[in-house]
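Below: one structure, written as structure tokens.
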Amino acid sequence: MSAARPRRAEPLRRPWGLWGLRGAVLTYLALMIAVPLLAVIERGFSAGLRAFWRELANPIAFDALKLTVAAAAITAAVNLVLGTLTAYVLARYRFPGRGVFDSLVDMPFAIPTLVTGVMLVVLYGPSGALGSWFHAKGISIIFARPGIVLALLFVTYPFVIRSVQPVLLEAERYEEEAAFTLGANRWTNFRRIVLPAILPAAGSGALLSFARALGEFGSIVVVAGNIPRRTLTSPVYVFGEVEAHNERGASAMSVVLLALSFGLLLLLDWRQRRRAEVLGG
Amino acid sequence: MAETARSLDGEVASGIAETGAEGRARPRPGEWVVVGIALAYAILLLFAPLAALARGALSRGVRAFFDALSTPDALSAIKLTFLLALGATAINTVFGVAAAWLLVRDRRFPGRRFVNGMVDLPFAVSPVIAGFMLIVLFGRTGWLAPLARAAGVKVLFAFPGMLIATTFISLPFVIREIMPLLGEIGEEEENAAYTLGAGRWRAFWSVTLPGIRSGLEYGVLLTFARAVGEVGAVLVVSGSIVGLTETATLFIFRALDERNAVAGYAMAMLLALSSFVLLTAMEWIRRRARSR
Amino acid sequence: MSIVLTDLVKRYAGEAVVDNVSLEVRDGEFFVLLGESGSGKSTILRMIAGLAVPDEGSIVLNGRDVTRLPPQNRNTGFVFQNYSLFRHMTVAENVEFGLRVHKVPRAERAAKRDDLLALVGLAGFGRRYPRQLSGGQQQRVAVARALAFSPSVLLLDEPFGALDVKIRGQLRRALRRIQKSMKITTILVTHDQEEAFELADRIGVIERGHLLEVAAPAELYRAPKSELVASFVGDANLVATPSAGGKISIGELEIPLPDEAGARERAGSWAVLFRPEDLVAAASREALAAPVLGEGTVEDIREKGASRQLLVRLDPLTGVWPLKREYGEAGLALLVLLPSEREASVPAIGQKTWVGARDYHLLPRLPWRLLLLVDDTARSAYAAALCEKVAVTAGARLTVLGGAGQETSPPVVKLRESLPASDLRISLAEGGLTQRALAELERVGYDLVFLPGAFGSEQERLRGGRKGKADERVESGEIAVQCPVPMLVAQGEPRETRRVLLCTAAGEPGKLDVLLGAQLARSLGARVTLLHVEHADPRWGPPPEEGPGETTATRRARAWIERHLEQGLRTLRGQGVVAESRIRYGEPLSEILAEVTEGDHDMIVVGAHRERTYLDAPERDLVAGLVHRADRPVLIVKGKVER
């Protein structure tokens, strides 16, 4: 308002340098993330909404989507239970090999997903050490739906554990001890005190593993066998359509998967913000 | 690692008998069931396949293992993977540090919150879609195709496209690892450097960077690991031209397709081993940072 | 002059955290900025160092205008509250950093570093890392680091805040010694008075972004220029009293007013400061070798080693009231500091004692700031008359806002006659009166606003017949919604204010209404009736009577009411007002209205307990109901009363 405009609040004497940096970072992020995403979305809708729906209504595409969501949901549920349990065991108990176990939890993040697939095929494949046993019982794991879930469980193994662990380590030791002094046994104590405290983190971890499972490709492409309408998941479907030069079909499925992931991301962000508000309040 | 684990346990044991400094108790008989479930699950899901792979890769002997990895195709795949990972890591490190610094320090960064949210997207996007995005972008009718043509660069089915794809899928690691550290160390040390006459660049190099070192190293390793292991995105954009655009993962993919199990298992084993090296390094960084 | 600050302003989110601060610090001076946290003192320091950029004003260091220079080019030494040592560098590297940046040769660097480490008493610590040092040692390193490149000024931001008391004392002495030996101009920011007094050549007291006063420590303590400083620095007994015949009397103490103060000789414009050591206490009048203030009761004794501090509550003195008011307390609570003697003749707690004053300091008080809004309605004249009386008796400063046609109106003419021109500002302009009033309220912190009322039947009448420009009329309803300070809505037939009805009907006893009501009544010369209306539904039967029929619950309620009324009365009497109390049972609004008629009250004081006051909703709000239905002036008290 006044003649002397308020000056910059930061002590910057070379605004050019800063603007250069900002420009470079924005360009980098725009080129790497925003433009490609927009391009895919544009391509998906380029032939109109009707064509978009037609691509998705194709039974192969639709079944792939159903399978993907179902497998991801199962994965998330299993992770929620066993991940929370594992985190609790790691945080609360002392047993031989605990340290090694703890450091190896992150292994699925470090191992290439394709290698994961190979490993699972080697072990659970029809000629694998465990696979042959299952095979003899008439249960097929590899090139069948159980294999998909198994692969997803492997690659998403750390999510829930790593979400819950810090909460357990930092939080309510005192509350727990207070509960013990009040005569609660371990199970009551776990249910009443520990569980409510870690449930939000476990939920976030489960959502993360769900999101990750939706997009998983490398392990599944090896494990699933990719039989249309039976073991073909959405990402593999997209890959097939790209190879077949059906860009529209690939785009339509991509848009759906993107929408799902973004939705999950927003949900996670919202939960985190809300929790921060509650705790920070 | 076993050693550090033992020392950690020792530390706890020397603390209070029942609940140590870290608050861990020896499980009571009934509780062994819980511990057992957790262990059994981890063994069946994680470690058994790993052991099976090792056995599979070495089933024809150590010699066959190394032979499978020293064919020209395998060597070129390893080299390409290494180059891609190195390139993607370099790009993501430089820009990642800049982006993280701006997101934390520059309160007037235009669209800060939006950009902050956008950074997570590569984690949420399926790698296949990431590769497909480049096909759309640089394909015949793509938005950026004219640009690439004008520059005379072949993007798709060539190194540049693979590099972009790898960079995309490993983009958030450095930023996400650094940002909390930047926030934690605060601005005051940088301010102290300014008042002592240091310029922005100087303050960054000698004050900020050492402060975020552990996070940066961790992020770099994560980026590298992710880049090495990427398959979906690269598969889509590379065209898998043997000896030219075939990475280590694509080599496995093809070997399995061609029922060349030994080569596939050997390469998979190599990648698994390399990720163990990275994992160990990461663990070491974590422990060092914690001991500070 | 090493440091010259001129009209510095810094705003965050539109709020001025540093407001027009000007300051000169001499060469080699140790200057301390003293203020509570959030007062803006650190911001000033950061602006000097270049870590924050002022929105207005200039900063000159050693004759060089550095306002727009980045911190790198200012050559200031800055010591941060949390030390901010470079944690990955050794102590030696930390100290050498500034020298390294300025490309000082290695040998010179090493020599300088060793000198500085020796100076701060850390010789031989060079190879350690900051985390291996204690907090006090870290802060010494920070000082050495700041001094390394011979800065032109040394700036310290609460440098000892995070340390324990003993270390703090040691570091203070070390700092003082270093500062004197290097003769470096220094500004230190602190909230700790003791620290300020021990270190400073001069102290600047800062509050809410304003630099209140700059003076040497002794002067600041003995002769502060404002009440705020007086009470911020050290223990203070501050009392206010009207003056008469060129002097002020408190008990037997007579304080002559300075000659030039003639024009200011009005009630409430002077305060008297007694430091605890200025006062003496003794068992009898005769034993006091000082003018007697009065007799009182010892309420508390605190041993301080070399001395002993008494809290004595004097019996009420007519016309004298404490500036730090406590609700529900009568009389004057005074802190008296006595030397501890072996044969202590000090009275015990609960005993009577006489208090006398050996010394005092006279302070001019900031006058009340009143705002009067006038338009062409008849109620404006009433508002102006009430306002005039308060302004004259309280010695207030008055601002009048009105329409352009008001220049010759009787209220304005009369105000010009009765108030000195220095205390009166009249702003008459075309149109937009309500908007102007709101802007003025936003800009200036007024104590009290006088408004003409136009509600109820009055409003109807105005709407019906009168012409004249609508935007030259005071829309009291509009203003009331946003007005942050107490306002007096003048309405009804003009009358002499002899009796004021103070309502505490709405829930909790409103302490602010009682205090402001007391002040207003005092300046109007009126007596106060303190009314409590106990909300009782008529269907519950007759109001509870004292006596055997009374239930436990009602007896308790009655006891509670009586206690809080008693407190209110004590407060009122402590402020020098004649007061009585009443309890009524029933629906609050109608009971208040009934009391107004029965008791023939001339003004109503009521607290508004909401942030916004909607006077246009009489059916929903007690305050609005009163304004609409009582044809008497209503003082609506909201917000904080600062005086």
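Chain identifiers are assigned alphabetically (A, B, ...) following the order of the sequence lines, protein sequences preceding nucleic acid strands; residue numbering begins at 1 within each chain. Scope of the values below: all heavy atoms of this structure, side chains included, with no hydrogens, waters or symmetry mates.
If you tally non-hydrogen atom pairs under 4.5 Å between each of B/A52, B/A38, B/P49 and chain A, the highest count goes to B/P49. Put simply, of A/P36, A/S261, A/A110, the one with the most heavy-atom pairs under 4.5 Å next to chain B is A/P36. Counting heavy-atom pairs closer than 4.5 Å to chain A, the top-ranked of the candidates B/V35, B/L278, B/V236 is B/V35. Listed options A/G218, A/P235, A/G117, A/G215 were ranked by heavy-atom pairs under 4.5 angstrom with chain B; first place goes to A/G215. Highest contact tally toward chain A, considering only B/D257, B/T141, B/I91, B/L221, is held by B/T141 [criterion: heavy-atom pairs under 4.5 Å]. Chosen from A/L214, A/V221, A/T113, A/D269, the residue pairing most often with chain B at heavy-atom distances under 4.5 Å is A/V221. Between chain A and the residues B/A42, B/G96, B/G139, B/G56, the largest count of heavy-atom pairs under 4.5 Å involves B/A42. Top candidate by heavy-atom pairs under 4.5 Å with chain A, chosen from B/I164, B/L171, B/I37, B/L144, is B/L171. Per-residue counts of heavy-atom pairs under 4.5 Å with chain B were compared for A/I41, A/L85, A/V238; the largest is that of A/L85. No other option in A/D106, A/L266, A/L31 has as many heavy-atom pairs under 4.5 Å with chain B as A/D106. Between chain A and the residues B/F47, B/F123, B/W143, the largest count of heavy-atom pairs under 4.5 Å involves B/W143. Heavy-atom pairs under 4.5 Å with chain B peak, among A/A34, A/A30, A/A211, A/S251, at A/S251.
Contacts of A/F239 with chain B are made by both backbone and side-chain atoms, with heavy-atom separations under 4.5 Å. Both the backbone and the side chain of B/L45 come within less than 4.5 Å of a heavy atom of chain A. Residue B/P122 touches chain A through its side chain alone, counting heavy-atom pairs closer than 4.5 Å. For chain B, the nearby part of A/V78 is the side chain; its heavy atoms alone come within less than 4.5 Å. With a threshold of 4.5 angstrom between heavy atoms, A/L38 approaches chain B through its backbone and through its side chain. Interface residue B/F95: backbone and side-chain heavy atoms are both found under 4.5 Å from chain A. Neither the backbone nor the side chain of A/V236 comes within contact range of chain B; no heavy atom of the residue lies under 4.5 Å from a heavy atom of that chain. Looking at A/L130, the atoms closer than 4.5 Å to chain B (heavy atoms on both sides) all sit in the side chain, from C-beta outward.
Counting only N and O atoms by type, the side chains of B/T223 and B/N92 include no donor and acceptor under 3.5 Å apart.
One finds no salt bridge joining B/R286 and A/D102 here, because no Lys/Arg side-chain nitrogen approaches an Asp/Glu carboxylate oxygen to under 4.0 Å. Remark: B/E190 engages B/R105 in a salt bridge, criterion side-chain N to carboxylate O under 4.0 Å.
Put simply, the side chain of B/F168 does not reach to within 4.5 Å of the side chain of B/L134, judged on heavy atoms. Residues A/E241 and A/M253 fail the side-chain proximity criterion, which asks for heavy atoms closer than 4.5 Å. Side-chain atoms of B/L102 and A/L18, non-hydrogen and from C-beta on, do get closer than 4.5 Å to each other.
Applying the side-chain contact (heavy atoms from CB on, under 4.5 Å) test to B/R112 and every residue at least two apart in sequence or in another chain returns B/L103, B/R107, B/F109.
For the pair A/R273 and A/W270, the cation-pi test (distance below 6.0 Å, angle within 45°) is failed.
Using cut-offs of 30° and 60° for the angle between ring planes, the A/Y88 and A/Y93 rings count as perpendicular.
How far CE of B/M118 is from CG of A/L265: 12.5 Å, rounded to the nearest 0.5 Å. Taken to the nearest 0.5 Å, the OH atom of A/Y237 stands 13.5 Å off from the CG atom of A/N226.
Considering A/F154, A/F210, A/F109 in turn, A/F109 is the only one that fulfils the ring pair (Phe, Tyr, Trp, His ring centres under 6.0 Å) rule with A/F159.
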